[in-house]
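Computed from a predicted structure; not experimentally measured. Numbered from 1 within each chain, the chains take letters A, B, ... in sequence-line order.
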2 protein chains.
Amino acid sequence: MRSDGGGVLAPGRGRMQRTKLSDQIAEDLRRWIAREGLKPGDRLPNEKTLMQHYGCAKGTLREALKALEVQGLVKMQTGPNGGAEIQPVSIDAAMQQLRSYLHFQVLDFEQIYVLRRGLEVSLAESVVGRLTEDQLKRLEANIEQCIEARDSGDRVTGRRLEIEFHDILCESCDNPLLGFICRFLNGLLRDLVEFRSDRYDEHEAFGQHNVASHRELVAAFRVRDRRSVSRIMREHMCCAESFMQRLDASFRSDLLSSG
Amino acid sequence: MRSDGGGVLAPGRGRMQRTKLSDQIAEDLRRWIAREGLKPGDRLPNEKTLMQHYGCAKGTLREALKALEVQGLVKMQTGPNGGAEIQPVSIDAAMQQLRSYLHFQVLDFEQIYVLRRGLEVSLAESVVGRLTEDQLKRLEANIEQCIEARDSGDRVTGRRLEIEFHDILCESCDNPLLGFICRFLNGLLRDLVEFRSDRYDEHEAFGQHNVASHRELVAAFRVRDRRSVSRIMREHMCCAESFMQRLDASFRSDLLSSG
DNA sequence: CTAGATTTGTTCGTATGTATC
DNA sequence: TGATACATACGAACAAATCTA
């Protein structure tokens, strides 16, 4: 029993193109998954059944399933009881897509900090009283690792670890939107920091500030002092931005002198 | 042109390819597009050529192209000079992916405004002096439309138009990250506002506030008064949040009394 | 406006690798 | 050790869209 397939037109310019059958099937499957309320671990019917249901060929159905797979909705598996298995909605697929969108745009650290200096404060406020003992311990362990990295002179690792501190905070955020964006900004910073100048003094000062701020933050989190958390994070963001600015400046002068 | 394709096929004995052939081809095409620096409008080789290059069957290649199409990198076209055409990196694909990620999360207007009240102010500040005469005119026209919608009692259209005001501001933002997120938040609000209560008095007051604030904003934009813009938008967001809160409250009481 | 050429879209048949029992 | 179920992949052919002469 083939679904219509005749009159479905795609809005466009002069060329009105009949929507591809594989796209119709993909869209139908998406709706079916939502309507049926399928959860991660559930499986779609196998290819043969779906082929009979939609009255289409293997290639067509496989293109439809491929679309769902790329979007991270399902994962294909071979063997008995194989087929398309519903996947937990992945934050990674959304991040990668947003990243590839921004890949061709100009982006510097200042544009990131326009968002970050406000959002990280909101994030910190929102997780006060929600951090588990395990997470607090991991925050403290992270600070120790930062100190080790600094002592061993491994600057890039140090910067990366300091960003991980903020990733841990994202875990407890009950606002999925805020959590996503903060995590995403952290990822962008991780990429940027790889290419910054290796000015020893700047990195040293930056690292010392970060360790101090992170220690104050953990202390305030432990006593659930929301106002202190807010203030410390605001100052921390402000300082971090100016440190990044100086790193960026010396990085650019390095480029000039070497080019 | 070598018809070899051996570097991609990986003729390993024992276990065949761990990753699906179509995925390998898709990844190779992505890298090829980036390395070659292909721009929107450029075309990939046609299916036959690609089949020969990768030494694969039609179905396999089509799955690979489908993956690129879903990610918004290319668009397929039939006919002579058809094939896979490179697309401008679309903001829509990134938004849709992020939306589907958040679809299964709990999200209310308060969580949106935690971000919006800060980001819209930054956005407004960043577009001061960058708005064209055309955009200023469209902002003013938008305000007139809002008044018309209010007079004709069309509340939902009014709310939608007021959000479009903020979409226009996003156009001039030179920070792609900030622009993306503000646009995305506007989209979320558009969805939420559809289901809000129809309390006439609340909507009326909300509409009047919006028109007044938007008028003040346009005036400040015209004279490029950055500090006024910042202040007005901050107050506007604060008021809008409390209005939404009241709409939400009466909406929930409606639900209770009807359920 | 029609006819042909080009290229994607779809179908069917078949074979093979792989995981489960 | 097979036997079975399933996705993966190949190849040939036809259908539909679209450009050009």
Side-chain angles (χ1 to χ4, degrees), chain A residues 1-29 42-70 74-87, chain B residues 3 5-6 8-26 28-29 41-70 74-87:
Chain A
M1 88 175 162
R2 154 174 316 200
S3 57
D4 180 10
V8 184
L9 295 182
R13 358 184 245 286
R15 309 181 173 96
M16 286 283 190
Q17 188 181 3
R18 200 172 82 249
T19 53
K20 287 186 280 194
L21 183 53
S22 57
D23 287 340
Q24 294 181 39
I25 295 176
E27 185 54 33
D28 190 72
L29 283 174
D42 294 343
R43 283 190 164 85
L44 259 50
N46 64 30
E47 281 186 355
K48 204 168 88 178
T49 308
L50 289 173
M51 280 168 57
Q52 290 171 355
H53 176 55
Y54 289 111
C56 71
K58 221 165 331 210
T60 307
L61 181 67
R62 284 182 62 78
E63 280 186 32
L65 290 175
K66 188 73 187 177
L68 301 187
E69 194 183 17
V70 170
V74 303
K75 185 182 176 193
M76 305 303 295
Q77 280 186 343
T78 62
N81 287 8
E85 180 182 335
I86 310 286
Q87 293 296 109
Chain B
S3 61
V8 180
L9 267 170
R13 65 194 203 291
R15 292 209 195 291
M16 203 176 168
Q17 65 265 359
R18 332 171 330 184
T19 62
K20 284 188 284 193
L21 182 53
S22 59
D23 288 339
Q24 295 180 36
I25 296 176
D28 190 71
L29 284 174
D42 294 344
R43 284 189 164 81
L44 261 49
N46 62 28
E47 284 186 353
K48 205 170 83 178
T49 308
L50 289 173
M51 281 168 57
Q52 290 171 355
H53 176 61
Y54 290 112
C56 71
K58 187 172 179 125
T60 307
L61 179 68
R62 285 185 60 77
E63 279 186 35
L65 290 175
K66 189 72 185 177
L68 301 188
E69 193 184 18
V70 170
V74 303
K75 186 182 175 196
M76 306 303 296
Q77 280 190 344
T78 63
N81 288 8
E85 180 182 335
I86 309 288
Q87 292 296 109

Look at all strands and tell whether B:Gly83 reaches a base, only sugar-phosphate, or nothing, counting heavy atoms closer than 4.0 Å. sugar-phosphate

Atom-pair distance ([atom1] on [X]; [atom2] on [N]), nearest Å:
X: A:Asn46; N: C:dA19; atom1: CG; atom2: C1'; answer: 15 Å
X: A:Arg43; N: D:dA7; atom1: CZ; atom2: C1'; answer: 12 Å
X: A:Lys75; N: D:dC6; atom1: NZ; atom2: P; answer: 19 Å
X: B:Leu61; N: C:dT8; atom1: CG; atom2: C1'; answer: 11 Å
X: B:Lys48; N: C:dA5; atom1: NZ; atom2: P; answer: 14 Å
X: B:Glu85; N: D:dC19; atom1: CD; atom2: C1'; answer: 15 Å
X: A:Glu63; N: D:dA7; atom1: CD; atom2: P; answer: 16 Å
X: B:Met51; N: C:dT8; atom1: CE; atom2: P; answer: 10 Å

Separation between [atom1] of [X] and [atom2] of [Y], rounded to the nearest 0.5 Å:
X: A:Leu68; Y: A:Gln87; atom1: CG; atom2: CD; answer: 11.5 Å
X: A:His53; Y: A:Leu29; atom1: NE2; atom2: CG; answer: 8.0 Å
X: A:Gln52; Y: A:Leu50; atom1: CD; atom2: CG; answer: 9.5 Å
X: B:Glu69; Y: A:Ser22; atom1: CD; atom2: OG; answer: 7.5 Å

May I ask you to verify if any side-chain N or O of [X] is less than 4.0 angstrom from the OP1 or OP2 atom of [N]?
X: A:Arg62; N: D:dA7; answer: no
X: B:Thr60; N: D:dC10; answer: yes
X: B:Asn81; N: D:dC19; answer: no

Atom CG of residue position B:Asn81 - does it have more than 12 heavy atoms of other residues, nucleotides or ligands inside 6.0 Å?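 It does not: B:Asn81 CG has 12 such atoms or fewer within range.
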
Where the side chain of B:Leu21 is concerned, which of D:dC10, C:dT10, D:dT8 is the nearest nucleotide?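 Among the listed nucleotides, the one closest to the side chain of B:Leu21 is D:dC10.
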
Among D:dT4, D:dC10, C:dG9, the one nearest any side-chain atom of A:Pro80 is D:dT4

Tell me every residue that passes salt bridge (Lys or Arg N to Asp or Glu O under 4.0 Å) with B:Lys58, counting only those two or more places apart in sequence or in another chain.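 Here the qualifying residues are B:Glu47.
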
Taking salt bridge (Lys or Arg N to Asp or Glu O under 4.0 Å) as the definition, give me every residue that meets it alongside B:Asp23, ordered by chain and number, with sequence neighbours left out.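 With neighbours one apart ignored, the set is A:Lys66.
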
Would you list the protein and nucleotides 13-16 of chain D atom pairs, both N or O, that sit under 3.5 Å from each other?
residue: D:dA16; atom: O3'; partner: A:Arg18; partner atom: NH1; Å: 3.4

